[in-house]
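This report concerns only the one structure given below.
When a ligand or atom number is given, it counts from 1 through the structure's own listing order. Since this is a predicted model, take the numbers as computed values, not measurements.
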Amino acid sequence: MDARSRSGYVGRFAPSPTGPLHAGSLVAALASQLDARAHRGRWLLRIEDLDPPREVAGAADAIIGTLAAFGFEHDGPIEFQSRRHAHYRQAFERLQAAGLVYPCACTRREIADSVVRQGLGRERHREMVYPGTCRHGIADGRAARAWRLRVGDAVIDWTDRSGRSFHERLADAVGDFVLLRSDGLWAYQLAVVVDDALQGVTDVVRGDDLIGSTSRQILLHRLLGSPTPRYLHLPVVTDARGEKLSKQTGAAALDMDRPLAALEAALAHLGLGNTAAQSLAGFWSEATGRWARARAIG
Ligand code: GLU
């Protein structure tokens with residue numbers, strides 16, 4: 001066991017290989033790595049290659065290579081979600097056996113139409129609240145397009161390590177949500193929870209863009225009987241138009257020849273200034289100390 005494995009802390013970085021690492025994803029990677037180092041914990045790397053149509057050939061290798069070149073250190077083998085479908089299936093079957101899953105035949109258009117008809121209205125986190133159309137069975141002659149989780153009247157109260165508290169009734173926020181699509185695609189929400197649980201993740205540190213998913217994930221942890229990790233969500237990096245930098249909107253890949261400049265920019269985004277370090281080792285040591293002091297760790 002190495003010196004960093006002394007505490008029970010387990011963090012992770014879980015990028016989807018839809019493009020190379022960019023200034024925004026670097027912030028999430030840096031924050032989770034600094035939090036793990038400050039806690040003398042373990043830090044896992046998990047490639048979330050669940051959605052082949054959205055993936056870009058070579059992106060996983062590019063992300064892994066950039067992290068290594070920038071001085072990130074992960075513990076244990078890199079996991080790939082594409083090789084873990086059996087785990088998602090097992091969790092799904094447990095939920096199914098508990099009567100918590102049902103098939104749904106609705107198309108996106110049908111959901112949109114009935115949301116408007118019922119005046120349930122609003123879009124949230126770019127998702128519609130599912131109105132429960134198929135909850136009591138699908139109409140004759142229709143085929144299942146997806147399997148959904150019954151959220152019932154679950155209310156999730158949770159507090160982010162940033163200090164923000166949430167009180168979310170899932171039926172109002174998202175409705176019964178998809179776990180599996182009929183084309184065999186596992187939903188991010190299920191896969192991330194199953195993996196965080198099986199890998200013993202205690203701390204999820206990631207961008208604010210995922211904060212709206214957290215109550216769904218907490219519900220799944222509860223239903224599957226796994227301990228809920230702590231969560232820390234951080235402000236995302238935006239472009240000149242105020243939009244979140246993302247691979248989909250064509251954020252530039254990081255300059256592999258200037259790792260320190262990119263790391264310093266990411267650290268500044270986290271409000272921790274500039275270390276003026278001359279080497280990667282110097283950067284990591286100073287940045288970890290700053291993170292630990294800012295968050296009163298250790
Ligand atoms: N794979 C997700 C993404 O790249 C992140 C998952 C997570 O951190 O929970 O957006």
Side-chain angles (χ1 to χ4, degrees), residues 10-36 42-56 59-64 66-67 72 74 78-85 87-88 91 125-127 156 158 160-162 166 174 177-179 185-221 224 226-238 243-251 253-254 266 270:
V10 182
R12 62 19 167 217
F13 179 51
S16 305
T18 49
L21 216 56
H22 54 77
S25 39
L26 182 65
V27 167
L30 176 63
S32 73
Q33 169 96 120
L34 290 177
D35 201 47
R42 289 163 52 78
W43 188 72
L44 313 177
L45 180 54
R46 184 172 73 226
I47 302 295
E48 300 209 320
D49 52 351
L50 267 186
D51 190 356
R54 286 185 53 229
E55 281 152 27
V56 170
D61 284 343
I63 292 169
I64 293 165
T66 305
L67 290 171
F72 286 83
H74 63 85
I78 300 173
E79 297 286 356
F80 291 81
Q81 289 193 322
S82 55
R83 302 176 195 162
R84 299 176 59 81
H85 286 202
H87 294 298
Y88 314 142
H125 313 305
R126 279 181 284 117
E127 273 172 70
I156 309 292
W158 66 282
D160 193 67
R161 284 174 54 203
S162 62
F166 298 85
V174 284
F177 58 89
V178 172
L179 300 176
L185 232 58
W186 291 102
Y188 154 68
Q189 308 293 353
L190 179 68
V192 80
V193 165
V194 168
D195 285 343
D196 283 343
L198 287 176
Q199 295 185 282
V201 169
T202 61
D203 286 80
V204 170
V205 177
R206 60 188 179 190
D208 263 345
D209 52 320
L210 292 168
I211 207 160
S213 289
T214 306
S215 52
R216 269 171 282 180
Q217 294 173 14
I218 293 174
L219 175 65
L220 282 169
H221 276 294
L224 291 167
S226 49
T228 302
R230 288 179 291 263
Y231 292 93
L232 171 59
H233 291 86
L234 299 155
V236 296
V237 179
T238 51
E243 281 171 27
K244 177 192 150 216
L245 274 197
S246 78
K247 292 168 268 205
Q248 288 75 28
T249 57
L254 296 165
L270 292 170

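In plain terms, the two heavy atoms of Pro17 and Ala60 that are nearest each other are CB-N, 3.8 Å. In this structure, Ile63 and Pro15 approach most closely via the heavy-atom pair CG2-CG, 3.9 Å. Annotation for Val178 and Ala187: closest pair O-CB, 3.2 Å, computed over non-hydrogen atoms.
Short contacts between ligand 1 and Val192, defined as distances under 4.0 Å to a heavy atom of the residue, involve ligand atoms 9 (O). Within ligand 1, the atoms closer than 4.0 Å to a non-hydrogen atom of Arg206 are 7 (C), 8 (O), 9 (O), numbered from 1 in the order shown.
When non-hydrogen atoms are compared, ligand 1 lies under 4.0 Å from the side chain of Arg12 (C-beta onward) but not from its backbone. Proximity of Leu210 to ligand 1, defined as any heavy-atom pair under 4.0 Å, is confined to the side chain (atoms from C-beta onward). Residue contacts with ligand 1 for Phe13 are absent, since no atom lies close enough (heavy atoms, distance under 4.0 Å).
Here the shortest heavy-atom distance to atom 4 (O) of ligand 1, taken over Ser16, Gly207, Ser25, Ser213, belongs to Ser16.
Partners of Arg230 according to the salt bridge (charged side-chain N to carboxylate O under 4.0 Å, His left out) rule, which considers only residues two or more places apart in sequence or in another chain, are Asp203.
At least one N or O atom of Ala14, backbone or side chain, sits closer than 3.5 Å to an N or O atom of ligand 1. Note: no N/O pair closer than 3.5 Å links Gln217 and ligand 1 by distance alone.
Distance check: Asp160 CG to Asp208 CG gives 7.5 Å after rounding to the nearest 0.5 Å.
Under the 4.5 Å side-chain criterion, counting only non-hydrogen atoms from C-beta, Tyr188 is in contact with Ser213.
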